[in-house]
Number of protein chains: 2
Amino acid sequence: MRAVAMQPVQPMQIKPRLTIVVREDAAFEDATRKHGLCSTCQSHDRCLSATLHSTSGSPVDDLVTVRRRLRKGDAMYRAGDRFSALYVIRSGSCKTVLLDEHGQEQIVGYHMAGDIVGIDGIGTDHHECEAKMLEDTEVCSLPFEELERLARDDEVLQQNVHRLLAREIARARRLMLLLGTMRAEQRLAVFLLDLSERYLARGYSSCEFVLRMTREEIGSYLGLKLETVSRLLSRLVDEGLIRAEGRSIKLLDRMALRRLLEK
Amino acid sequence: MRAVAMQPVQPMQIKPRLTIVVREDAAFEDATRKHGLCSTCQSHDRCLSATLHSTSGSPVDDLVTVRRRLRKGDAMYRAGDRFSALYVIRSGSCKTVLLDEHGQEQIVGYHMAGDIVGIDGIGTDHHECEAKMLEDTEVCSLPFEELERLARDDEVLQQNVHRLLAREIARARRLMLLLGTMRAEQRLAVFLLDLSERYLARGYSSCEFVLRMTREEIGSYLGLKLETVSRLLSRLVDEGLIRAEGRSIKLLDRMALRRLLEK
DNA sequence: CGACTAGTTGAGGCCAGTCAATGTTGGTGG
DNA sequence: CCACCAACATTGACTGGCCTCAACTAGTCG
């Protein structure tokens, strides 16, 4: 696994009015141990504020969040856990896994810095998925009840909560289309192009990145077996569309990848 | 296609406090042409009130809805249409279809009386799916902006809106698991059992019902081809698990259907 | 070093797709 | 009434894409 060049490209311009106070988890071992506002967070631009910030000028109560640090392999929450908060990924990444009663298991989401995780707990008071860290990760929690309370006083925040949920629905639907209609090669192409876009949106290189998932996890996400994923990656390399050495991927011919989706 | 016995079984006990006034569409051709409250609607118990009703005692403004009647094959809305309202199905059923830019098309939802349709428009101001009637259908519209306004004054209504969206996410995720991990026979079994449960919840026979979708539509919903659906239905008949004559289905051995999911 | 995990590649099999013929049903018009 | 047609459904023969099983390599960790 090699390091990959990742320079921020275009920081977004966002002016949040919702003040968020960050408290740290008891187990938080940050050397600096800084308390402070969310707006001082380095991930701020591509985080919470982009999705949930309020633009209304009305004074809103502070939303107190707790920062947590998790290790690779840790579960942020498991299926059945009580739902109380959404989590914003400050740095790192995780997968969300859905299990059914017969032991069937599928990865239904891959989440990276700035993404909001835990939506599967809304409406039922308990989580339906398990969120498992793919690397060491820092998250900030957003107590959902408090968020609901704030949203009642703030139309824009309310709409942003709705947008957050709606986006999750749209994402799920796209994945349904992928699983229901696409061939294996197309699924993988969509996966790579999607990753590429998401890195771009976060200011990183869109053509060169390191996968955080194993072949098996990618397969689970795409409804394929790990051998199929491996074979297809090799094929894309042979055809000159990508370079792949272990988990580091370079997209060489994005146009050709897109053309795979047309057939 | 034969008529099938459908007696209400257990009406739900719900006491809505949110008053909803129903206006009728200009094109509405109901012989009776009754104006009135939503609570007088025959579908009331298994409709809106079960999902969106408010239990808080605080006085809330009336939500004015328009009733529309649609014919089989009509589109309630198309992809790209401006989103302004959710729709409650009073009677009838529809499918929601997602299309991608390459002409790939998949049915992502099947909705029957009492279901709320149009959620795909939330957050983006335009619909991402097309909703097409599977039979002559009556719907009531719920202007979403007004619903948002009411939800800001009513904690329970707010939570119910969240629950509505969350349920849609959960539904999508279950379908992802189905499409990603199950074999064709299992998918069909899940489909039949799910239909069965939904009819039961609406007070109809849970073991005998009439499909509203063609084999092709079922296939699109389950990520299969129509021939596969047809073959599998025949197989289930041969094995004595169901009876199927055209679109009328009778579940003969529900236990065996469930066992199919275990392997 | 051995044990383990992750990944690659090959051989073979099966499930579901494809293509095609035929049957069934419902609607329309002569 | 029947002839005709279109849409829907069934069934068979064949194909192929993906899965399964298996062998092997490379890297990591105790």
Side-chain angles (χ1 to χ4, degrees), chain A residues 1-3 71-73 95 104-107 132 134-135 178-191 210-239 242-249 260 263, chain B residues 1-3 71-73 95 104-107 132-136 178-192 210-239 242-249 260-261 263:
Chain A
M1 205 185 298
R2 292 175 319 104
R71 303 214 149 272
K72 180 174 174 175
K95 59 178 178 179
Q104 295 279 45
E105 176 177 330
Q106 181 170 11
I107 297 183
K132 212 160 190 183
L134 294 167
E135 56 193 315
L178 177 144
L179 293 169
T181 70
M182 294 187 187
R183 288 174 305 102
E185 195 182 40
Q186 297 179 310
R187 298 184 195 191
L188 193 60
V190 168
F191 175 72
V210 175
L211 297 174
R212 248 73 233 212
M213 293 199 266
T214 67
R215 303 291 191 259
E216 186 171 18
E217 287 166 332
I218 296 170
S220 171
Y221 190 45
L222 300 178
L224 302 171
K225 291 291 155 183
L226 71 98
E227 295 95 327
T228 304
V229 173
S230 180
R231 263 186 258 273
L232 288 174
L233 281 172
S234 300
R235 187 154 103 203
L236 292 179
V237 169
D238 289 346
E239 292 169 345
I242 65 171
R243 229 159 33 83
E245 287 157 14
R247 296 200 195 171
S248 68
I249 299 285
L260 288 179
K263 317 172 198 171
Chain B
M1 207 183 297
R2 293 174 318 103
R71 303 214 148 273
K72 180 176 174 174
K95 59 178 177 178
Q104 296 278 45
E105 179 179 328
Q106 181 169 11
I107 297 182
K132 213 162 190 181
M133 300 306 119
L134 293 167
E135 56 192 316
D136 292 358
L178 178 143
L179 293 168
T181 69
M182 293 187 188
R183 288 174 306 101
E185 195 182 41
Q186 296 179 310
R187 298 184 195 191
L188 194 61
V190 169
F191 175 71
L192 293 174
V210 175
L211 297 175
R212 249 69 231 215
M213 293 199 265
T214 67
R215 303 291 191 260
E216 186 171 18
E217 286 166 332
I218 296 170
S220 171
Y221 191 45
L222 301 178
L224 302 171
K225 291 293 154 183
L226 72 99
E227 295 94 330
T228 305
V229 173
S230 180
R231 261 185 260 274
L232 289 174
L233 281 172
S234 300
R235 188 153 102 203
L236 292 180
V237 170
D238 290 346
E239 292 168 345
I242 65 172
R243 228 159 35 84
E245 285 157 15
R247 296 200 194 170
S248 69
I249 300 286
L260 288 178
L261 307 183
K263 317 172 197 171

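Quick note on labels: first sequence line is chain A, next is B, and so on, each numbered from 1. These figures come from a predicted structure and were not determined experimentally.
- When the C1' atoms of four end pairs are superposed on the next four at each end of the helix from C/dC1-D/dG30 to C/dG30-D/dC1, using five pairs per end, the two resulting axes differ in direction by 30°, to 10°.
- Here D/dT11 presents its C1' atom at 12 Å from CG of B/Asp238, a figure rounded to the nearest Å.
- Note that the CD atom of A/Glu135 and the CE atom of A/Met213 stand 11.5 Å from one another [nearest 0.5 Å].
- Contact annotation: A/Ser234 side-chain N/O to C/dT9 OP1/OP2 distance is under 4.0 Å.
- Atom OH of A/Tyr221 sits about 9.0 Å away from atom CG of A/Leu179, to the nearest 0.5 Å.
- Rounded to a whole Å, the CG atom of A/Leu211 is 16 Å from the C1' atom of C/dT8.
- Here A/Glu105 pairs with nothing under the salt bridge (charged side-chain N to carboxylate O under 4.0 Å, His left out) rule; sequence neighbours left out.
- Side chain of B/Glu239 to backbone of B/Leu236: no donor-acceptor contact under 3.5 angstrom is found.
- Remark: A/Leu224 CG to A/Leu232 CG distance equals 7.0 Å, nearest 0.5 Å.
- For residues 220-234 of chain A, the set of pairs meeting the salt bridge (Lys or Arg N to Asp or Glu O under 4.0 Å) definition, not counting sequence neighbours, is empty.
- Here the CZ atom belonging to B/Arg243 is positioned 13.5 Å from the CG atom belonging to B/Leu233, to the nearest 0.5 angstrom.
- Checked against side-chain contact (heavy atoms from CB on, under 4.5 Å), A/Ser234 has no partners two or more places apart in sequence or in another chain.
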Enumerate the protein-to-nucleotides 17-21 of chain D contacts in which both atoms are nitrogen or oxygen and the separation is below 3.5 Å.
residue: D/dC18; atom: OP1; partner: A/Ala184; partner atom: N; Å: 2.7
residue: D/dC19; atom: OP1; partner: A/Lys225; partner atom: N; Å: 3.4
residue: D/dC19; atom: OP2; partner: A/Lys225; partner atom: N; Å: 3.4
residue: D/dC19; atom: OP2; partner: A/Thr228; partner atom: OG1; Å: 2.3
residue: D/dT20; atom: O4; partner: A/Arg231; partner atom: NH2; Å: 3.0
residue: D/dC21; atom: N4; partner: A/Glu227; partner atom: OE2; Å: 3.2

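- The NZ-C1' distance, from B/Lys72 to C/dG26, rounds to 10 Å in whole Å.
- When the P atom of D/dC8 is taken as reference, atom CD1 of B/Ile249 falls 17 Å away, rounded to whole Å.
- When rounded to the nearest whole Å, the span between CD1 of A/Ile218 and C1' of C/dT8 equals 14 Å.
- Rounded to an integer number of Å, the gap from CG of A/Leu233 to C1' of C/dT9 is 14 Å.
- When heavy atoms are screened at a 4.0 angstrom cut-off, B/Ser230 is found touching base atoms of the nucleic acid.
- As a whole-Å value, the separation of B/Arg187 CZ from C/dA16 P is 8 Å.
- Looking at residues two or more places apart in sequence or on another chain, you find a side-chain contact (heavy atoms from CB on, under 4.5 Å) between A/Thr181 and A/Leu177, B/Gln104, B/Gln106.
- The CZ-C1' distance, from A/Arg215 to C/dT8, rounds to 9 Å in whole Å.
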